[in-house]
Amino acid sequence: MLMSKLVVKTLREAPADAEAISHQLLVRAGYIRRLASGVYSFLPLGLRVLRKVEAIVREEFDAVGAQELFLPALHPVEIWQETNRINTMDDVLMKVEVRGADFVLGPTHEEAVIATVSPDLASYRDLPATVYQIQTKFRAEARPRFGLLRTREFIMADAYSFDADKEGMRTTYKTIFDAYCAIFDRIGVDYFPVEADAGSIGGDVNHEFMVPAAIGEDHFAYCKACGYAANIEAAVRGERRTESSGAVEVLRKVETPNSPTIKAVVDFLNSHGHVASAENSLKSMIAIGPNGAYHLLLVPGDRKVRIPSSLRAAEASDFDANPNLHLGYIGPVGLREVGVTIWVDRSVSEEIGYCTGANEVGYHLLDVVLGRDFIADHVADLVEVVGGDPCPRCEGDIELVRSVEAGHTFQLGLTYSNKIKSARFSGEDGSEAPYFMGCYGIGISRIPAVVAEVSHDANGLIWPLELSPFEVVVVALGYSTNDLVTDTADRIYDSLLEEDVDVLLDDRNLAAGVKLKDADLIGVSYQIVVGARGVAEGNVEVKDRQSGEATVVAISKVGEYLLDLLA
RNA sequence: CGGGGAGUGGCGCAGCGGCAGCGCACCUGGUUUGGGACCAGGGGGUCGGGGGUUCAAAUCCCCCCUCCCCGACCA
């Protein structure tokens, strides 16, 4: 490709609306351009990178026997009604009406893939099977941001696996999981498969593929000592012995006017002759179960509650509907007797007298003891981990790592097959059974941005060879004025094309500085700099964009030298 | 959806009642070619949209739209 013909115009300055470094660089270097909020066009350079990402995914999926198919983006609303995700995913669905018929623009394709392939997977003899698709998906993101990192229209690769039983599903999951690792190895970024929360997609075991990055919207808990890694929404902390503070006094009620928060209560008590602290208070959070039942979650007052995925946080209307609940003064004592299920965090001790709400406006209880003054129905991990918490697997400490989610694999089990009539096959004994499914997604259009976030310098992008839009750029300085340069650059370019190298020749009539700056900005993995100074002595310079190292190479040897680098 | 900020040529910005400007980019001619080079000439704008105030509005007022940031949300 001749750069004079390439549809691209680099920018010296980034658009003012680009915040993330990946966004700035991809726009400046001419890879992408915004069409609307969260909607981006891929220019020729950007598409080349995208195609390379896709090629890696195809190769690794194909290698484990997954078969590519193509599904519609336009889904009839009925298939979304069958799983009820028309309601549960309402906030992200883009809906369109076409001549009186209702459609959904697919944000994910579980319904569509089942509807499509179930006739082909009618018997246990047809299983296991894995199919995948690489295509555009849509989400009505409330707030698109960070360029390609969170968009309304995006390209995903999603694989879907179908097995006859749980064991088969687990085996398939492991196979695809390994393929994911192979994919991310080739993409060339540091990544961590972390245990994660299943979110609205449902299912059981699942892993997020996280790439540590300063811009990341997620955090995962990580233990350097043993490698434990879990999304903050799924992470738990280990036990740490809390020293008992000695004798626990009797339960008593104290007046605490205008103290609806932990901080207010602690401040009030401490200034009125009591000794109180957030750690020795219990934060009481009301959550609602799937059947509308009330649950009380108790965690130490200095910690953030992590609501179990089976429950949802209570809303104002839920408090209004239950006369036993006085927001700001809720506590465990007596609530179980009025039908509230009591949960306590694992760290709540039976040897500590806690301060809790008295279920009466303006009053709290002191020295409330688990087992003595109230009984817990469930003991669970209810706090969000923080840096410094003990690792649940070893003696180490947890740290929180900011990161971007690049992929997500799920063991769905029967989550969808149980809801969708056609998601069944005939077993060996002739009876019908639902598929054990898995699904596995990679944000294809997010990958270039993720890589750009972690691989750039002050001069621009730095692509790993596998993703570089070209393998090498021939930067011809004085191409329009120096015949020897022109001739040398052309010969190198032609010989590389001959060897099927993906090569770009900067033949533009521009100042040397501009060409060198552009080459760095665009970030092609290798540069061959052809200048008057070198060619007079029979040399060119080969620069590795990653290391910045430049090597003087004889013109006659440069083809061979480069093929070695690319091998 | 709540809070904050911004819309002036492709990009970055100035102008803030009185002729719409600057840098980059673009076009023509010339010089130049190892780190965004120089000279001369040139093209491109309903100042986001609508309404109002005024002799006069990019500039003041009202409504709307779009975009960005923080939060809520996040397959």
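Each chain gets a letter, A, B and so on, in the order its sequence line appears, and its residues count up from 1. Keep in mind the model is a prediction, meaning the values are calculated, not measured.
- As rounded to whole Å, 14 Å separates atom P of rG35(B) from atom NZ of K515(A).
- Residue V475(A) is classed as having no contact, given no heavy-atom separation below 4.0 Å to the nucleic acid.
- The base of rG2(B) is not paired with the side chain of R143(A) by any donor and acceptor separated by under 3.5 Å.
- Of the candidates rC11(B), rC70(B), rA75(B), the closest approach to any side-chain atom of L11(A) belongs to rC11(B).
- Side-chain rings of F177(A) and H207(A) approach one another, their centers coming within less than 6.0 Å.
- Look at the C1' atom in both rG41(B) and rG36(B): the space between them is 23 Å, to the nearest Å.
- Looking at heavy-atom distances under 4.0 Å, G441(A) makes no contact with the nucleic acid at all.
- Ring planes of F61(A) and Y132(A): perpendicular class, angle over 60° (limits at 30 and 60°).
- When heavy atoms are screened at a 4.0 angstrom cut-off, T481(A) is found touching base atoms of the nucleic acid.
- The line from CZ of F436(A) to OG1 of T415(A) is 10.0 Å long, rounded to the nearest 0.5 Å.
- Among the protein residues, A14(A) comes within range of the sugar-phosphate backbone only, with heavy atoms under 4.0 Å from sugar or phosphate atoms but none that close to a base.
- Residue contacts for E405(A): at a heavy-atom cut-off of 4.0 Å it reaches no nucleic acid atom on any strand shown.
- When ring centroids are compared, F184(A) and F209(A) come within the 6.0 Å threshold.
- Proximity note for S480(A) (side chain, C-beta onward) versus rG36(B), rU33(B), rA75(B): the nearest is rU33(B).
- When each of rA75(B), rC67(B), rG12(B) is scored by its nearest atom to the side-chain atoms of A36(A), the top-ranked nucleotide is rC67(B).
- The residue G513(A) sits close only to the backbone: its heavy atoms come under 4.0 Å of sugar-phosphate atoms, none of a base.
- Here the separation of rC19(B) from rC61(B), taken at their C1' atoms, is 25 Å to the nearest Å.
- Between rU32(B), rC11(B), rA75(B), one nucleotide has an atom nearer to the side chain of N509(A) than all others, and that is rU32(B).
- Under the Watson-Crick and G-U wobble criteria, each requiring two contacts below 3.5 Å, nucleotide rC13(B) is paired to rG21(B).
- Judged by atom type and distance alone, N459(A) does not reach the base of rG35(B) through any side-chain donor-acceptor pair under 3.5 Å.
- Using a 4.0 Å heavy-atom cutoff across all strands shown, F138(A) reaches no nucleic acid atom at all.
- In this entry the distance linking NZ of K304(A) with P of rA72(B) reads 7 Å, nearest Å.
- Comparing rG34(B), rU32(B), rC69(B) against the side chain of E19(A) picks out rC69(B) as the nearest.
- Atom name C1', nucleotides rG45(B) and rA25(B): the rounded distance is 16 Å, in whole Å.
- Considering only side-chain atoms of V529(A), the nucleotide from rC74(B), rG34(B), rC70(B) that sits closest is rG34(B).
- Using P as the reference atom, rA57(B) and rG48(B) are 15 Å apart when rounded to the nearest Å.
- Ring-plane geometry between W463(A) and Y31(A) is classed as tilted, the angle between the planes lying from 30 to 60 degrees on a 0 to 90 degree scale.
- Taking only side-chain atoms of E13(A), from C-beta outward, the nucleotide of rA75(B), rG12(B), rG36(B) with the closest atom is rG12(B).
- The distance from atom NZ of K517(A) to atom P of rG35(B) is 10 Å, rounded to the nearest whole Å.
- Base pairing of rU32(B) is not made with any nucleotide, judged by Watson-Crick or G-U wobble geometry with both donor-acceptor distances under 3.5 Å.
- Straight-line distance from the NZ atom of K9(A) to the P atom of rC27(B): 6 Å, rounded to whole Å.
- Residues E195(A) and N206(A) have side chains that never bring a donor and an acceptor to within less than 3.5 angstrom of each other.
- Using a 4.0 Å heavy-atom cutoff across all strands shown, A142(A) reaches at least one base atom of the nucleic acid.
- Distance R12(A) CZ to rC26(B) P: 11 Å, rounded to the nearest Å.
- Straight-line distance from the CZ atom of R150(A) to the C1' atom of rC70(B): 15 Å, rounded to whole Å.
- Nucleotides rG71(B) and rG34(B), compared at atom C1', are 49 Å apart to the nearest Å.
- At a threshold of 4.0 angstrom between heavy atoms, the contacts of N482(A) with the nucleic acid are absent.
- Contact annotation for D518(A): base contact, defined as any heavy-atom pair under 4.0 Å involving a base atom.
- In this structure, H109(A) has its ring center no closer than 6.0 Å to that of F70(A).
- Pair check for rG45(B) finds none; no Watson-Crick or G-U wobble contact set falls under 3.5 Å.
- For the pair D17(A) and R139(A), nearest-nucleotide mapping onto RNA chain B gives the more 5' position to D17(A).
- Judged by Watson-Crick or G-U wobble contacts below 3.5 Å, the nucleotide rC73(B) has no partner.
- For the pair Q527(A) CD and rG35(B) C1', the computed distance is 11 Å after rounding to whole Å.
- Atom CG of L43(A) and atom P of rG10(B) are 16 Å apart (whole Å).
- Here, rU59(B) and rU53(B) have their C1' atoms 13 Å apart, quoted to the whole Å.
- Taking atom P on both rA58(B) and rG51(B), the two are 14 Å apart, rounded to the nearest angstrom.
- Nucleotides rC60(B) and rA75(B), compared at atom C1', are 48 Å apart to the nearest Å.
- Between F220(A) and F192(A), the two ring planes are tilted [angle within 30° to 60°].
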